[in-house]
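The next block holds one structure in the form of structure tokens; read it before the comments.
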Amino acid sequence: MMRTLTLMAVGLLLALPLTIQASDLLPKVPLPAGKDKCVEPTDVMRREHMHFILHQRDETMHKGIRTTKHSLKECINCHNAPREDGKVAHIESKDHFCNSCHSYAAVTIDCFQCHADKPENTNYRHSLVENTLPHHPEMSGSALTKDTLNVLATKGDAK
Amino acid sequence: MKQLPTDPSRRNFLGKTAAAGLLIAPGVLLHQVAQARPADEAASSKVRWGMLVDTNTCSKGCDACVTACQTENGWGGEHSNEVKSSPEQQSQWIRKVTLRDKQNGHEQSLPLMCQHCETPPCVDVCPTGASMKRADGIVLVDKHICIGCRYCMMACPYKARSFVHEELHDQKPYAPRGKGTVESCTMCVHRVDKDGTPACVEACNKAGHQAMWFGDLNNPNSDISKRLKEYGGNQIRADLGLNTGVRYQGL
Amino acid sequence: MKKKITYTEIEGRSLGYYALLVVLGALVLLGAGAALYMEHNGHYVTGMSNQIVWGMPHVFAVFLIVAASGALNVASISSVFAKTAYKPMAPLSALLAISLLLGGLVILVLDLGHPDRLIVAMTFYNFKSIFAWNMILYNGFFVIVGVYLWFMLDRTMANYSKYAGFAAFFWRLTLTTGTGSIFGFIVARQGFDSAIMAPMFVVMSFAYGLAIFLLVLMATYSWRGAELGDGTVRRLKNLLGVFIAGAMYFVVVFHLTNLYMTKHHGVEAFTLRDGGIYTQLFWYGEILVGGVLPLILLYLPVTGKSRIAISFASILVILGGLAQMYVTIVGGQAYPLEMFPGKEIIASSFFDAGVKSYTPTLAEALLGIGGFAMALIMIPLALRILRFIPVSMADAEIDPHYREAK
Ligand code: SF4
């Protein structure tokens with residue numbers, strides 16, 4: 001894991017000088033409409049994203065901390081939101097922001113052996129309003145919680 | 001509108017942090033039940049989540065809990081993403097079991113899943129620490145460090161764990177699962193963390209059986225504790241002394 | 001006065017030598033291919049399932065690991081119990097111990113759901129886990145036996161070899177106890193839950209390890225065309241007989257104690273009477289092939305002196321050992337978990353009722369055999385490079401108390 005991450009960092013750094021000649025081949029990390037920056041500055045993200053994700057992974061997994069700033073799920077929600085035609089990129093495709101960079105830098109990742117490579121709700125459009133963090137698709141219109149509430153309410157379980 | 005049907009106990013425990021939560025994430029909490037544990041706060045051992053199954057009301061033909069779990073967590077069912085595995089190899093996080101008493105022939109059915117033991121054998125045996133128990137009593141597999149040795153499956157007295165035998169696609173974002181790792185019921189930890197109820201419990205109630213209950217076992221005022229106090233509840237394989245978080249009535 | 005023993009490497013130029021390497025190498029390659037195939041596709045290409053979680057690879061792996069510690073016996077007898085007659089064979093015994101353990105571990109690792117995460121297994125330790133302890137035991141075994149070998153082979157260090165021998169002896173007893181405990185600790189399964197599991201594994205390891213050692217020793221000397229004294233063979237085969245009898249004794253005790261405890265009646269009836277393939281493997285494989293027949297072959301005056309018969313008996317012990325592992329590991333899982341005392345499960349979508357079936361596929365069998373072959377191929381390779389064996393094992397050369405047979 002650490003090795004992969006180091007390789008990842010080295011790969012990205014090596015990739016930088018090439019950017020001048022071949023800008024077409026460059027990896028693309030699309031931002032959603034209405035957003036002009038990620039949760040961290042680009043150069044920080046480029047070097048550190050794996051550490052952010054790794055840290056958050058342990059926090060969420062072991063402690064149940066579910067802040068969204070550095071969560072992989074949020075990366076996906078933002079950067080791999082469905083396009084205008086409603087299609088979403090899969091991890092195998094170069095259009096997927098993770099793969100576009102990682103195949104460029106020749107660094108393999110195994111995140112998506114388990115993790116979903118697209119947002120859950122593919123109708124999901126990213127909020128156009130700035131500063132509405134966290135932007136959880138399942139939170140704002142939460143079907144589950146509403147269900148829970150309804151069921152429990154009609155059952156008279158409420159005290 | 002009726003009063004919010006949250007366990008009063010949970011409100012007490014979480015009440016003190018709700019104000020802070022409002023400051024951190026106003027956008028969310030406007031839509032959300034205000035008692036949820038804030039996203040940046042770790043699960044606490046003051047709480048012990050548990051479930052109670054009433055085998056008397058659990059209906060024999062019904063598998064609403066199983067279907068709900070499948071939809072929620074993206075395993076099995078009609079659209080199973082395990083297409084190559086044999087039925088014996090496909091994952092099952094929760095299953096329905098029908099029993100017959102050998103003496104009097106009494107038949108009953110119950111859902112069986114990870115029992116979220118207080119002293120889980122899977123956690124004891126796991127060589128890497130991938131099998132783990134959260135502070136609030138939920139037993140999980142950290143698939144990032146699971147090496148797929150399956151020792152935990154050997155050790156589980158309930159056969160509650162499954163191994164993923166093939167490459168998967170289209171997982172649910174909040175229920176990651178993949179080839180070569182072990183998985184089991186998470187007590188819908190992603191929902192519980194947002195003050196929700198496990199999908200199976202919800203589905204059972206929705207189907208009108210009211211055979212499953214979810215709540216904080218540590219709090220004497222929670223519905224589940226009160227019910228347990230009044231009617232009692234057995235552990236499966238109580239002889240092992242695992243102090244399971246899932247209890248059964250009428251067993 | 002003690003004679004000085006000269007050690008040698010083997011020539012390793014004969015056609016037979018290369019043929020041996022080719023055969024074993026091919027098996028290793030097949031095993032590697034099988035592992036890649038399993039790793040690439042996932043475990044659905046095996047017969048293992050969520051019902052039978054550990055299968056053929058584990059049968060071979062556990063057998064080899066157990067045998068590894070037993071193979072060290074000869075060395076231990078020479079160093080710990082100061083029996084000079086065993087001393088010339090000590091390096092070969094240590095070498096075999098290392099190679100068998102390596103073969104077993106390779107199988108275990110390649111069967112993991114994530115062999116690529118081996119580094120995780122090495123860096124994240126759960127110290128409560130007997131499995132994690134075993135990883136430490138295995139690594140320590142390599143180091144200690146390695147050092148022991150070095151002290152034995154390096155004249156300047158020879159004085160210390162005795163201490164290294166002691167260390168190796170205790171380490172390997174712990175190691176086998178640990179391996180046995182992997183199963184003994186599984187309280188959930190009626191077939192495993194027994195304190196006798198660990199000592200039983202220790203005694204079985206003596207028999208398996210010595211059987212393999214005897215075969216390797218006899219093969220090495222007959223292929224080299226060098227002399228291997230009758231005294232040595234007789235001593236080893238008698239020892240093997242004792243170990244087999246000891247293992248049989250533990251098997252009997254194991255089943256008797258289980259029969260004594262009412263809660264284990266079900267699983268005993270399963271193994272001893274109603275278990276189908278497992279019952280057959282128990283009686284014909286474990287008891288007949290692995291115990292009774294080799295004992296007869298080793299002790300009957302007609303066959304007891306024939307090296308062919310002794311080799312045959314050793315092979316039988318190995319086969320019986322594999323059968324024993326199969327009955328223990330797979331049979332222990334095939335027997336349904338007893339979750340609801342007094343009740344029977346009449347329906348379940350997850351195969352809770354009735355005996356679970358397991359049909360190993362070619363891939364997993366090849367993985368197991370490949371690991372075995374890998375353990376064996378290391379012997380001829382190592383023998384060619386380093387001086388592990390005495391030039392001659394003639395009785396007069398190695399045994400100070402040797403007298404011509406009456
Ligand atoms: S399969 Fe994974 S979770 Fe289970 S014991 Fe092995 S490493 Fe731990």
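Proteins come first, then strands; the chains are lettered A, B, ... in the order of their sequence lines, and each starts at number 1.
Inter-residue side-chain proximity for C:Phe340 and B:Ile236 is flagged as met; some heavy-atom pair is nearer than 4.5 Å. Considering only heavy atoms from C-beta on, C:Arg117 comes within 4.5 Å of B:Thr181 through its side chain.
Taking every heavy atom of both residues into account, C:Asn50 and B:Gln89 meet most closely at ND2-O, 3.0 Å. Between C:Phe351 and B:Lys159, the shortest heavy-atom distance links the atoms O-NZ, 3.3 Å. Heavy atoms only, all atoms of each residue included: B:Arg95 and C:Phe350 are closest at CD-CB, 2.9 Å.
Across B:Gly129, B:Ser85, B:Cys126, the residue that shares the most heavy-atom pairs under 4.5 angstrom with chain C is B:Cys126.
Ring geometry for C:His43 against B:Phe163 counts as perpendicular: the plane angle is over 60°, on a 0 to 90° scale with 30° as the lower cut.
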Fill in: Steps toward side chain to side chain contact (heavy atoms under 4.5 Å, CB included) verdict (C:His58, B:Arg150)
CA-CA 11 Å; C:His58 303 81; B:Arg150 285 107 77 205; 3.7 Å; yes
Worksheet item: Can you list the steps and then say if C:Glu344 with B:Arg100 is a salt bridge (charged side-chain N to carboxylate O under 4.0 Å, His left out)?
Response: CA-CA 5 Å; C:Glu344 58 183 323; B:Arg100 181 166 48 214; 3.4 Å; yes
Worksheet item: Given C:Met339 and B:Leu112, is the side chain to side chain contact (heavy atoms under 4.5 Å, CB included) satisfied, shown in steps?
Response: CA-CA 11 Å; C:Met339 279 184 284; B:Leu112 189 61; 3.8 Å; yes
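Of the atoms belonging to B:Val123, it is backbone heavy atoms, and not side-chain ones, that fall under 4.5 Å from chain C. When heavy atoms are compared at a cutoff of 4.5 Å, C:Asp352 approaches chain B by way of both its backbone and its side chain. In this structure, the portions of B:Leu251 lying under 4.5 Å from any heavy atom of chain C include both its backbone and its side chain. The contact between B:Glu107 and chain C is made entirely by side chain atoms (from C-beta outward), counting heavy-atom distances below 4.5 Å. Within the 4.5 angstrom heavy-atom criterion, only side-chain atoms of C:Met135, from C-beta onward, approach chain B. Proximity to chain B (any heavy atom under 4.5 Å) is shown, for C:Asp111, by both the backbone and the side chain.
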